Amino acid sequence: MKDTFGRTIDYLRVSITDRCNLRCIYCMPPGGVDWTPHRNILSFEELLRLCGLMAGMGIRRIKVTGGEPLVRRGAADFIASLKKLEGIQTVTLTSNGVALDQHLDKLISAGLDGLNISLDSLREENFRRITGGDGFEKVCSFLNRIDSLPLPVKINCVPLRGINEDELANLAGLAKTSAAAVRFIELMPLGRAGSFSPVPGKEVFKLLEKEYGKLIPYPGTLGGGPAVYYSIKGFKGRIGFINALSDKFCETCNRLRLTAQGLLKPCLSSNIGLDLRGLIRGGPENSGGWELEEAVRALIARKPWGHTFSTWQDQEKTEHEAGMFSTGG
Ligand code: SAM
Ligand code: SF4
């Protein structure tokens with residue numbers, strides 16, 4: 001599948017819930033939100049039908065995300081079913097790691113191809129400040145298991161000015177002691193994130209070179225995303241940067257996003273979307289496949305060239321009111 005700019009669209013991020021067991025300060029309001037009622041969330045059967053349809057159209061990689069995907073019962077079985085879809089080559093998961101100990105064996109048996117863990121602090125009190133919750137020890141015990149796992153692990157960190165900027169070198173150090181890729185993601189001004197300041201990727205880069213020596217460009221890619229990777233002498237893992245704002249990489253964007261409510265979005269910053277839930281619930285079970293396909297193609301034709309997070313200051317706030325938990329990170 002190509003969009004109007006000639007980009008191949010082969011990557012789908014599927015949010016399976018907008019619920020979460022944490023309240024990260026840049027993602028969710030501290031008091032939580034009104035969760036979408038279950039009836040308005042796509043069932044796993046509906047999700048599989050849509051993923052199968054899109055696999056037939058050229059989607060090859062699926063990332064399962066949320067909210068926190070592991071709070072939805074049956075997440076591992078859903079992943080096992082995605083793995084069986086014809087055309088799908090890899091299925092990965094993004095999780096905050098808090099409930100991972102209960103699910104890890106099942107996820108591995110399901111054939112999960114990669115695991116992304118979000119971790120913004122290595123200090124318990126700061127972890128609690130950022131996430132609003134407990135679970136630090138559980139995430140740490142997972143970190144100790146990384147090298148024994150049969151799948152690649154990436155650790156995602158969002159550098160926040162004045163909040164975890166003094167911890168970035170320590171977080172990068174996780175790639176010294178384990179084979180994980182530690183990635184620094186520039187904060188994007190979605191929802192509550194607009195009230196925090198990012199630490200730009202280039203600043204993190206300099207800070208790490210000062211601490212660990214030269215960051216050597218890594219020629220390979222690790223997965224289908226936009227991260228740029230580096231090696232450091234003596235490190236087992238890699239360091240990655242996703243400089244979504246300072247180094248806009250939209251010209252290589254290959255993805256679509258499906259929210260838990262069934263809205264297919266062509267771009268994270270986009271205020272357009274296709275109501276797939278309405279379409280699949282509106283017609284008989286086994287009809288309308290070609291109509292869905294046509295609708296998806298029409299949406300792809302409207303995929304914008306790039307995101308509209310141009311600078312941190314001049315955001316069109318109304319467009320980006322929803323935090324990442326609702327769109328799916
Ligand atoms: N709950 C899971 C987790 O935290 O990994 C999956 C969903 S979460 C929305 C996915 C990723 O989005 C996390 O790594 C989180 O740090 C990141 N994220 C959330 N809000 C963001 C923002 N405004 N800018 C950049 N990354 C953000
Ligand atoms: Fe939950 Fe992930 Fe958002 Fe944190 S970043 S509140 S863990 S969805």
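Here the structure is a predicted model, which means the values were calculated and not measured. Just so you know, ligand 1 is whichever comes first in the structure, and atom 1 is the first atom listed for that ligand.
- The backbone N or O of Leu263 sits nowhere less than 3.5 Å from a side-chain atom of Gln261 that would complete a donor-acceptor pair.
- Heavy-atom contacts of Val158 reach the following atoms of ligand 1: 16 (O), 26 (N) (cutoff under 4.0 Å).
- Checked against the 6.0 Å centroid threshold, Phe241 and Tyr229 do not count as a close aromatic pair.
- For Gly67, the closest heavy-atom approach to ligand 1 falls below 4.0 Å.
- For the pair Arg49 and Glu45, the salt-bridge criterion is not met [side-chain N within less than 4.0 Å of a carboxylate O].
- A salt bridge links Glu124 and Arg128; the closest N-O separation between the charged side-chain nitrogens and carboxylate oxygens is under 4.0 Å.
- Distances below 4.0 Å separate heavy atoms of Asn96 from the following atoms of ligand 1: 2 (C), 3 (C), 4 (O), 5 (O).
- Each of the atoms 8 (S) of ligand 2 lies under 4.0 Å from some heavy atom of Gly67.
- With ligand atoms numbered from 1 in the order given, ligand 1 contributes 6 (C), 7 (C) to contacts under 4.0 Å with heavy atoms of Thr65.
- Taking the charged nitrogens against the carboxylate oxygens, Lys106 and Asp77 do have a contact shorter than 4.0 Å, which makes a salt bridge.
- In the vicinity of Leu187, heavy-atom distances shorter than 4.0 Å reach the ligand 1 atoms 22 (C), 23 (N), 24 (N), 25 (C).
- The nearest heavy-atom contact from the protein to atom 6 (S) of ligand 2 is Cys24 N, 3.2 Å.
- Residue Asn96 has at least one heavy-atom neighbour below 4.0 Å for each of these atoms of ligand 2: 7 (S).
- Each of the following atoms of ligand 1 lies closer than 4.0 Å to a heavy atom of Ala193: 23 (N).
- Residue Glu68 has at least one N or O atom closer than 3.5 Å to an N or O atom of ligand 1.
- In summary, the atoms of ligand 1 found under 4.0 Å from a heavy atom of Met188, numbered by their order in the structure, are 22 (C), 23 (N), 24 (N), 25 (C).
- Any N or O atom pair closer than 3.5 Å counts here, and Asn116 shares no such pair with ligand 1.
- Considering Leu82, Thr92, Asp113 as possible partners of Ile62, the one that fulfils the side chain to side chain contact (heavy atoms under 4.5 Å, CB included) test is Leu82.
- Each of Ile59, Val64, Asn254 was scored for a side chain to side chain contact (heavy atoms under 4.5 Å, CB included) with Leu12, with one residue passing: Ile59.
- Metal site remark for atom 4 (Fe) of ligand 2: Cys27 contributes no N, O or S atom at a distance under 2.8 Å.
- No option in Thr94, Leu104, Ile108 other than Leu104 meets the side chain to side chain contact (heavy atoms under 4.5 Å, CB included) test with Leu115.
- Residues Phe44 and Phe78 bring their aromatic ring centres within 6.0 Å.
- The pair Arg297-Asp3 does not meet the salt-bridge criterion, since no charged nitrogen lies less than 4.0 angstrom from a carboxylate oxygen.
- Residue side and main chain included, Cys20 places an N/O/S atom under 2.8 Å of atom 1 (Fe) of ligand 2.
- Heavy-atom distances between Glu186 and ligand 1 reach below 4.0 Å in at least one pair.
- Under 4.0 Å from ligand 1, not a single heavy atom of Pro189 appears.
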